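Each residue takes its place number in the sequence, starting with 1. Computed over heavy atoms, backbone and side chain alike; hydrogens, waters and symmetry mates excluded. The shown structure was predicted, so the numbers you read here are calculated from the model rather than taken from an experiment.
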Amino acid sequence: MGSKIGWILAGALILGLVLIVLFVVVFPPASSPTAETMGENFMQLKTISLSPAVVVAFESTGAGNAGDDYHEAVTIHQANAEGIGRFVYDLQAIAKGDTAAEAATIDILNKIDAHISAGSRKAKMQYTFVHTPKKFKVGYNYKPAEALFNVSEAMDALATYYFAKNKYEDAWNVLCHEFVMGRHMMDERSRPDMVYLGVFIQTKSLDGLMDIRSKWDGAKDINLNKFKQYACQLSAVRNSYEQKLKIVWNTRPEPGDVFHVIKADQDRAWRVQGLLSLGILKFTAVKRGDLRQTDKLIEKYLTSSDPLEAAAAAAARDLDTAGFNRLGVEY
C-alpha cells in the first residue's frame, strides 16, 4: 500500500514538473532589467529643488496656463521665421545701427517677449495636447518642443541686441522670461525631449545672465551661490537624461530595461518614452516572452488615465514596418 502511494506521489511530482516545463516553453517569461536600470536612484524623478525666483527675482505664481502665452509666441515666430532667422544668425546685424528692416524685426521680437513674459508669471504650463495634436509618433525628438526652443533662440538674439546697445536691464529681463519658460517646459514632464530642451534653455539663459552681470551694476546683488546651486542641479538633470536616453532610446533597447522604466520610473516623461520604445521592441525583441510582454503593455496602457501614456501606447501599436525603417531619418 505504501509503495502504491509513493508511486502516485512520484507520478504527481513528475506531472507537475512536466507542466511547469511546458508552461515555460509555451509562455516564456519576459527579460529582467539589466544592472543599468537597477541602480538605487535610476527611477527617481530628477528635478530642481530651487524656485526659479532665486534667479529671476519674481515669483511665478499667477493663475492660468502659461502654455497659452507661449503658443502665441510660437505663432508669431512661425509667421516671421524667415526674417527672425536672418536676424538670429547674423550677429553683425545685431551690433550695427537700426535699419528699417532691423527695427521691424526688433518689434516682432518684443511682441514675442511680451507673451513669454506673461507666461513666465504663471505657475504652470500645459502645452502638450493643449496646443499640440493629441497623438504621438514613435521617436525621441518632439516637434512642439523644437518650436519652443526656436522661440528661445529668438529671445537670445533679442537679449544679445540689447546687450550690444548697453541696454543691460532690457537684456536681463528678456533672459529671465526665457529662463522661466525653460523651467515650465521641464516641469511639464510630457516627453524627454521637452524636458531636455527646457533644461538647455535654462542653462543658456543662466550663462547669458552671468555675462550681463559682469557689465551691469543692477545685477551685482544677485546671490551667486544660489545661481551656482541652480546650475549644478540643472547639470545633474541633464546628465541623468543623457544617461537614460542611451538605455531607453536606441536601435536595440534591452526589453527588460524598457519594461522596468514603464512600470517603475517616477518621471512621466520617461514612462511615455518607454511606451514609445515598445514600438521598436515589436521589431527587435527576440524572445517570445518579450514580444508577449510588449503586446501586453501596449494593450494595458491604451486605456491609461493619462492621455500622454495612452497616446504613446497607441503610437507603439500603430508603428508599422515602413515607419520602423524610417525612424533614423525622421521624427
Side-chain angles (χ1 to χ4, degrees), residues 44-74 112-128 130-131 144-145 148-156 158-159 162-163 168-213 216 218-241 266-269:
Q44 286 186 353
L45 178 68
K46 306 298 190 302
T47 189
I48 310 294
S49 64
L50 297 170
S51 166
V54 305
V55 173
V56 301
F58 62 80
E59 294 286 349
S60 302
T61 56
N65 178 15
D68 297 341
D69 302 293
Y70 300 154
H71 178 65
E72 291 296 327
V74 167
I112 291 174
D113 177 51
H115 289 296
I116 303 300
S117 174
S120 72
R121 262 59 178 192
K122 295 178 180 178
K124 293 183 179 180
M125 178 191 89
Q126 290 180 299
Y127 198 82
T128 305
V130 175
H131 295 290
L148 290 169
F149 181 78
N150 290 339
V151 166
S152 83
E153 294 279 89
M155 298 284 280
D156 289 339
L158 181 60
Y162 283 136
F163 187 84
Y168 300 126
E169 184 173 4
D170 290 333
W172 182 274
N173 289 335
V174 168
L175 290 180
C176 285
H177 306 154
E178 177 189 350
F179 175 85
V180 177
M181 183 181 76
R183 175 64 179 259
H184 276 145
M185 290 169 64
M186 183 188 77
D187 287 345
E188 187 187 48
R189 301 285 167 168
S190 56
R191 294 279 298 269
D193 196 28
M194 181 73 83
V195 176
Y196 189 82
L197 289 178
V199 169
F200 188 73
I201 288 169
Q202 291 174 84
T203 301
K204 63 189 179 76
S205 299
L206 280 178
D207 290 343
L209 290 170
M210 291 304 297
D211 288 341
I212 295 171
R213 184 184 180 277
W216 181 42
K220 294 297 185 183
D221 60 346
I222 67 169
N223 190 325
L224 277 179
N225 286 332
K226 292 295 185 183
F227 258 58
K228 291 177 180 177
Q229 289 176 32
Y230 200 107
C232 184
Q233 292 187 28
L234 273 176
S235 179
V237 175
R238 184 176 65 252
N239 291 339
S240 170
Y241 261 63
Q266 296 175 9
D267 189 335
R268 191 221 356 223

*Spacing of CG belonging to D267 relative to OH belonging to Y241, to within rounding of 0.5 Å*: 3.5 Å

*Reference residue M181; test side-chain contact (heavy atoms from CB on, under 4.5 Å); the match among S117, C176, S152*: S152

*Look at E178 together with R183 and state whether they make a salt bridge at an N to O cut-off of under 4.0 Å.*
no

*Do you know the tightest heavy-atom contact between K46 and S240?*
CG-OG, 3.3 Å

_Nearest non-hydrogen partners of S51 and E59, listed with the distance_ = OG-OE1, 3.9 Å

*Look only at the side chain of Q266 and the backbone of Q44, and say whether a donor-acceptor pair between them is shorter than 3.5 Å.*
no

*Strictly by modelled atom types, are Q202 and Y230 linked by a side-chain donor-acceptor pair under 3.5 Å?*
yes

*Of the options I116, V55, V56, which is the one that meets V180 in a side-chain contact (heavy atoms from CB on, under 4.5 Å)?*
V56

*Heavy atoms only: give me the nearest G119-A66 pair and the separation to one decimal.*
O-CB, 3.3 Å

*Under a 4.0 Å N-O cut-off, is there an ion pair linking D69 with K122?*
yes

*Got Y162 and Y168 here, is their nearest side-chain heavy-atom distance under 4.5 Å?*
no

*For the residue pair M155 and K204, establish whether any side-chain heavy-atom pair is separated by less than 4.5 Å.*
no

_Within the 4.5 Å heavy-atom criterion, are Y196 and I201 side-chain neighbours or not?_
no

*First locate atom CH2 of W172, then atom CZ of F179, and finally report the distance between them rounded to the nearest 0.5 Å.*
10.5 Å

*asked:* With a 4.5 Å cut-off on side-chain heavy atoms, are M194 and Y127 touching?
replied: yes

Review item, side-chain donor-acceptor pairs of residues 222-229, under 3.5 Å, at least two apart:
from, atom 1, to, atom 2, distance (Å)
N223, OD1, N225, N, 3.0
N223, OD1, K226, N, 3.1

*Are side-chain N/O atoms of E188 and S190 paired as donor and acceptor at under 3.5 Å?*
yes

*Looking at H131 versus Y70, is the centre-to-centre ring distance below 6.0 Å?*
no

*Side-chain (S60) to main-chain (S120) donor-acceptor, under 3.5 angstrom*: yes

*Take M185 and V195, measure what side-chain contact (heavy atoms from CB on, under 4.5 Å) needs, and give me the verdict at the end.*
CA-CA 6 Å; M185 290 169 64; V195 176; over 6 Å; no

*Mind checking the CG-CG spacing from D170 to L175? Nearest 0.5 Å is all I need.*
11.0 Å

*Before giving the answer on side-chain contact (heavy atoms from CB on, under 4.5 Å), spell out for R121 and T61 the whole-Å C-alpha distance, their side-chain angles and the decisive distance to 0.1 Å.*
CA-CA 6 Å; R121 262 59 178 192; T61 56; over 6 Å; no

*NZ/NE/NH1/NH2 to OD/OE distance under 4.0 Å, D187 and K124*: no

*Just wondering, do V237 and T47 contact through their side chains at under 4.5 Å, heavy atoms?*
no

_Could you check whether any side-chain heavy atom of I48 comes within less than 4.5 Å of a side-chain heavy atom of V199, counting everything from C-beta outward?_
no

*Can you tell me if D68 and N65 form a side-chain donor-acceptor pair at under 3.5 Å?*
yes

*Tell me, do L197 and L148 make a side-chain contact under 4.5 Å, heavy atoms counted?*
no

*Nearest heavy-atom pair of A171 and A159: which atoms, and what distance?*
CB-O, 3.4 Å

*asked:* A side-chain contact here means heavy atoms from C-beta on lying under 4.5 Å apart; do T128 and R191 qualify?
replied: no

_F200 six-ring centre to R238 NZ/CZ under 6.0 Å and within 45° of normal_ = no

*Atom CD in Q126, atom NE2 in H184: separation rounded to 0.5 Å?*
11.0 Å

